[in-house]
Peer 1: 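The structure is given below, and queries will be raised subsequently.
Each chain gets a letter, A, B and so on, in the order the sequences are listed, and its residues count up from 1.
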Protein chains: 2
Amino acid sequence: MAGKKQDVALSDLQIAVMRVLWERGEPSTADVAEVLAAERGLKHTTVATLLTRLEKRGVVAMRRDGRQLYYRALVSEPDVRRSMVADLLSSLFGGDARALVSHLVDESEIAPGDLDRLRKRLKAAAGEDGT
Amino acid sequence: MAGKKQDVALSDLQIAVMRVLWERGEPSTADVAEVLAAERGLKHTTVATLLTRLEKRGVVAMRRDGRQLYYRALVSEPDVRRSMVADLLSSLFGGDARALVSHLVDESEIAPGDLDRLRKRLKAAAGEDGT
DNA sequence: CGTGTCGTACTACATGTGTAGTAGAAACGC
DNA sequence: GCGTTTCTACTACACATGTAGTACGACACG
């Protein structure tokens, strides 16, 4: 496997665009533009530019049907999460995920009950998986 | 206090520079350059440029002593962590920290025992229960 | 003193990003 | 058919970033 979807760092705006693709599957430029116009007041042409660039970068695929262009994500949201969380971990937490959770705890972004529930979920998953 | 250290998003490289300041307090350009040269093979002038730009952005302060310049961080590592984790949360996890922890669990970046320990630590620190 | 060395200031340049305008083609409404 | 609307393609431009070269002043060494 040639690490192709590795290192998919996207900007906030790019993620917003991707989100539309993730949610809708294969929207047209106009579809995406409509969402982004509502969400952020962007112009159609701006969105078109963003999509073109994402295609050039290889994170989305474009299909042409008549005059219209339809875009489809080539990287999944989990892919991007993996990549970007890994980046954050390595740059700011010495690669230690526990330090990140610890940070969330310190910043009161998660409650103790949440950790408990997640722990249980992990155990259940591990039990099924049997790894 | 006008949110000054809010929204401190730094690139990987910039964080590497900041790390030297965080560790050493108030190193000279040469000190930082030495570290970055070893770590990433960067040239002195490159590091000087990076520091100048960080100063212009207001995240570090510069002091001149003779010919030499000394830099000091104006944002702490926790500041940057807060800001960047918040960004990541909002862009990729719908602002839900639990989803991020969940992700870490799914990606096997943390073990159940870790969650347990962290939960205990939180309880000890806060001395209260969550939901 | 003269000369190399050191350090900073300034300039440079490619690439990515945010944002959009304009031009030209295609389809639509009458 | 012709004007109107709709789309895409191309161009533009400012700003950030990664990376470094060059120039010039200050210093130290012999």
Peer 1: With rounding to the nearest 0.5 Å, note down the distance linking CZ in B:Arg53 to CG in B:Leu51.
Peer 2: 11.0 Å
Peer 1: By nearest atom, which of the nucleotides C:dT8, D:dT19, D:dA9 is closest to the B:Leu13 side chain?
Peer 2: D:dT19
Peer 1: Give a yes/no on whether any side-chain N or O of B:Gln68 is located under 4.0 angstrom from OP1 or OP2 of C:dT8.
Peer 2: no
Peer 1: Can you tell me whether the side chain of B:Arg67 and the base of D:dC27 have a donor-acceptor pair closer than 3.5 Å?
Peer 2: no
Peer 1: In whole angstrom, what separates B:Asp65's CG from D:dA26's P?
Peer 2: 16 Å
Peer 1: Please report, rounded to the nearest Å, how far the C1' atom of C:dT19 is from the CZ atom of A:Arg40.
Peer 2: 13 Å
Peer 1: Specify the separation, in whole Å, of atom CD1 of A:Ile15 and atom P of C:dG18.
Peer 2: 10 Å
Peer 1: Rounded to the nearest Å, what distance is computed from the CD atom of residue A:Gln14 to the P atom of nucleotide C:dG16?
Peer 2: 11 Å
Peer 1: Between D:dT8, C:dT17, D:dG21, which one does the side chain of B:Lys43 approach most closely?
Peer 2: D:dG21
Peer 1: Tell me whether B:Val105 shares a hydrophobic cluster with B:Phe93, the cluster being built from Ile, Leu, Val, Met, Phe, Trp, Tyr side chains joined at under 4.5 Å.
Peer 2: yes
Peer 1: Rounding to an integer number of Å, can you tell me how far A:Arg64 CZ sits from C:dA27 P?
Peer 2: 12 Å
Peer 1: Any residue in residues 44-63 of chain B with a heavy atom nearer than 4.0 angstrom to DNA chain C? Just list them by number, or reply none.
Peer 2: B:Thr45, B:Arg53
Peer 1: So, the side chain of A:Thr49 versus the backbone of A:Thr45: is there a donor-acceptor pair under 3.5 Å, distance only?
Peer 2: yes
Peer 1: Would you say A:Arg82's side chain and A:Val8's backbone share a donor-acceptor pair under 3.5 angstrom?
Peer 2: no
Peer 1: Tell me whether A:Tyr70 is reachable from A:Leu54 by hopping between hydrophobic residues (I, L, V, M, F, W, Y) whose side-chain heavy atoms are closer than 4.5 Å.
Peer 2: no
Peer 1: Send over the distance from A:Tyr71 OH to D:dC7 P, rounded to a whole Å.
Peer 2: 13 Å
Peer 1: Would B:Asp106 and A:Arg81 pass as an ion pair if we require N to O under 4.0 Å?
Peer 2: no
